[in-house]
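A quick write-up on the structure given underneath.
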2 protein chains.
Amino acid sequence: MLARLAKAGRALTAYDILDAVRAQGLRAPVQVYRALEKLRGEGLVHRIESLNAFVACAHFRRRHEDSVAFAICETCGTVSEFAVLATARALRTRTRRSGFVTERTTVELRGRCAACVGKGSEAGA
Amino acid sequence: MLARLAKAGRALTAYDILDAVRAQGLRAPVQVYRALEKLRGEGLVHRIESLNAFVACAHFRRRHEDSVAFAICETCGTVSEFAVLATARALRTRTRRSGFVTERTTVELRGRCAACVGKGSEAGA
DNA sequence: GCATCGAACGTTATATCATTACACTCATTT
DNA sequence: AAATGAGTGTAATGATATAACGTTCGATGC
Ligand SMILES: [Zn+2]
Ligand SMILES: [Zn+2]
Ligand SMILES: [Zn+2]
Ligand SMILES: [Zn+2]
């Protein structure tokens, strides 16, 4: 299942994954959600909140949910993961001043990836 | 509908809102979603992606979806909106270096608000 | 006035995402 | 062996969101 996610390069919904792994014997959504929960616990999978979908962790590091961001291309669906340690720290500090204790951050950017921007400008020229 | 959202102080799902406005004649989800879409377009409502829910804009400013963040209390559900102009700019600059053109950012923090942290530590002491 | 058009709306049905409930298996403990 | 408890598979359901389609109604042109 993790292999499928990693190969996809984009976010897959739980039901996308379900379709992909039916051959391996998984038959019901709850099985996929349980597996995803486990993988998320191991830091191998991230959830993209704005897509209700999942990606394989690109960094093979454990537990960095608190300082990761995603750039999501609206045109081709590609999801790129990058670390935002300083940004996350700044946000935590900022809210801490009003008494809010941050446990987790979600940072997701929508836009167009280099490849799709290139294609777009070609078409427009 | 906007009044209901503003009064709530927390995020409401479309179906929460639907229940609240049945008295006003709205009967179906799609009507609520259409109204929300309009209000979002006017910058009066924000969507909280990690909750699949909606809040009234706390700033009464138009169109700042690209630089707003939310601190969401996991204990009491309170959502606080704050501006993150510098942070959003930094993220855009950062991804721009790899060719990604950002159109919109989602920044959501989960944790515990001042009130709930206070109660928690009292209980723990 | 009135035919035509198109945006907005209401209704129904359906699609999509996620969890609950429960029975069964199997390894661990006593 | 019986009791316990974690994990699993199945079915059903709940929660979120959109599609499809006919109607209303104001704007436009004749
Ligand atoms: Zn990662
Ligand atoms: Zn792209
Ligand atoms: Zn706002
Ligand atoms: Zn709170």
Side-chain angles (χ1 to χ4, degrees), chain A residues 1-6 8-57 65 70 72-79 103-104 106 108 110, chain B residues 1-5 8-57 65 70 72-77 79 103-104 106 108 110:
Chain A
M1 190 166 107
L2 184 57
R4 293 278 180 175
L5 261 187
R10 62 189 182 89
L12 299 182
T13 70
Y15 283 76
D16 289 339
I17 296 167
L18 178 56
D19 287 342
V21 298
R22 271 187 210 281
Q24 283 126 272
L26 296 190
R27 269 176 278 245
V30 68
Q31 297 173 283
V32 172
Y33 283 106
R34 291 204 272 234
L36 284 171
E37 203 48 39
K38 196 169 167 187
L39 290 168
R40 288 182 69 195
E42 295 167 358
L44 299 173
V45 164
H46 301 294
R47 178 180 168 84
I48 309 295
E49 300 290 352
S50 62
L51 294 173
N52 294 333
F54 304 85
V55 292
C57 176
E65 283 281 0
F70 303 93
I72 304 155
C73 178
E74 305 256 42
T75 301
C76 70
T78 298
V79 175
E103 283 160 6
R104 199 153 47 81
T106 298
E108 297 174 12
R110 298 303 200 87
Chain B
M1 191 165 107
L2 183 58
R4 293 278 179 173
L5 261 186
R10 62 189 181 88
L12 299 182
T13 69
Y15 284 78
D16 289 339
I17 295 167
L18 178 56
D19 287 342
V21 298
R22 272 188 209 280
Q24 283 127 272
L26 295 191
R27 270 176 278 247
V30 68
Q31 297 174 282
V32 173
Y33 282 105
R34 291 205 271 232
L36 285 170
E37 202 50 38
K38 196 169 166 187
L39 290 168
R40 289 182 70 194
E42 295 167 357
L44 299 173
V45 163
H46 300 295
R47 178 181 167 85
I48 308 294
E49 299 291 351
S50 63
L51 293 173
N52 294 333
F54 303 84
V55 292
C57 176
E65 282 281 0
F70 302 94
I72 302 155
C73 178
E74 305 256 41
T75 301
C76 70
V79 175
E103 285 161 6
R104 198 155 47 83
T106 298
E108 298 174 11
R110 297 303 200 88

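All chains are named by letter (A, B, ...) in the order of the sequence lines, taking the proteins before the strands, and each is independently numbered beginning at 1.
When the C1' atom of dT8(D) is taken as reference, atom CE of Met1(A) falls 15 Å away, rounded to whole Å. The CD-P distance, from Gln31(A) to dG9(D), rounds to 5 Å in whole Å. What separates CD of Glu49(A) from P of dA17(D) is a distance of 12 Å, to the nearest Å. Whole-Å rounding puts the Tyr33(B) OH to dT11(C) P distance at 18 Å. In this entry the distance linking CD1 of Ile48(A) with P of dC17(C) reads 14 Å, nearest Å. Between Leu51(A) atom CG and dA18(C) atom C1' there is a gap of 16 Å when expressed in whole angstrom units.
For residues 9-27 of chain B, proximity to DNA chain D is found at Thr13(B), Tyr15(B), defined as any non-hydrogen atom under 4.0 angstrom from a strand atom.
Side-chain contact check for Arg40(A) versus Glu37(A): some heavy-atom pair is nearer than 4.5 Å. Residues Arg47(A) and Glu49(A) form a side-chain contact, since some pair of their non-hydrogen atoms from C-beta on lies under 4.5 Å apart. Contact check for Val45(A) versus Val55(A): no side-chain heavy atoms found under the 4.5 Å cut-off. Taking 4.5 Å as the limit, every side-chain heavy atom of Gln31(B) sits out of range of all side-chain heavy atoms of Leu36(B). Put simply, the side chain of Thr13(B) does not reach to within 4.5 Å of the side chain of Leu18(B), judged on heavy atoms. Residues Arg4(B) and Gln24(B) are in side-chain contact: their nearest non-hydrogen atoms beyond the backbone lie under 4.5 Å apart. Within the 4.5 Å cutoff, side-chain heavy atoms of Arg104(B) are placed close to those of Glu74(A).
Looking at Glu108(A) and Ser50(A), their side chains do bring a donor and an acceptor atom within 3.5 Å of each other.
For the OP1/OP2 pair of dA17(D) and a distance below 4.0 Å, the side-chain nitrogens and oxygens of Asn52(B) include at least one atom meeting the criterion. OP1 or OP2 of dA17(D) has at least one side-chain nitrogen or oxygen of Arg47(B) nearer than 4.0 Å.
When the nearest nucleotides of DNA chain D are assigned to Pro29(A) and Lys38(A) by heavy-atom distance, the more 5′-ward of the two goes with Lys38(A).
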How would nucleotides 20-25 of chain C be written as a contact map, 5' to 3', with B for base contact, S for sugar-phosphate-only contact and - for no contact, using protein heavy atoms under 4.0 Å?
-> B-----
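Heavy-atom minimum distance, Val79(A) versus Ala11(A): CG2-N, 3.8 Å.
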Decide side chain to side chain contact (heavy atoms under 4.5 Å, CB included) for Leu39(A) and Arg34(A); before the verdict, give the C-alpha distance in whole Å, the side-chain angles of both, and the deciding distance to 0.1 Å.
-> CA-CA 9 Å; Leu39(A) 290 168; Arg34(A) 291 204 272 234; over 6 Å; no
Could you walk me through whether His46(A) and Phe70(A) pass the ring pair (Phe, Tyr, Trp, His ring centres under 6.0 Å) test, one step at a time?
-> CA-CA 10 Å; His46(A) 301 294; Phe70(A) 303 93; 5.4 Å; yes
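Axis orientation changes by 10° from one end of the helix from dG1(C)-dC30(D) to dT30(C)-dA1(D) to the other, with each end axis drawn from 5 pairs and the value rounded to 10°.
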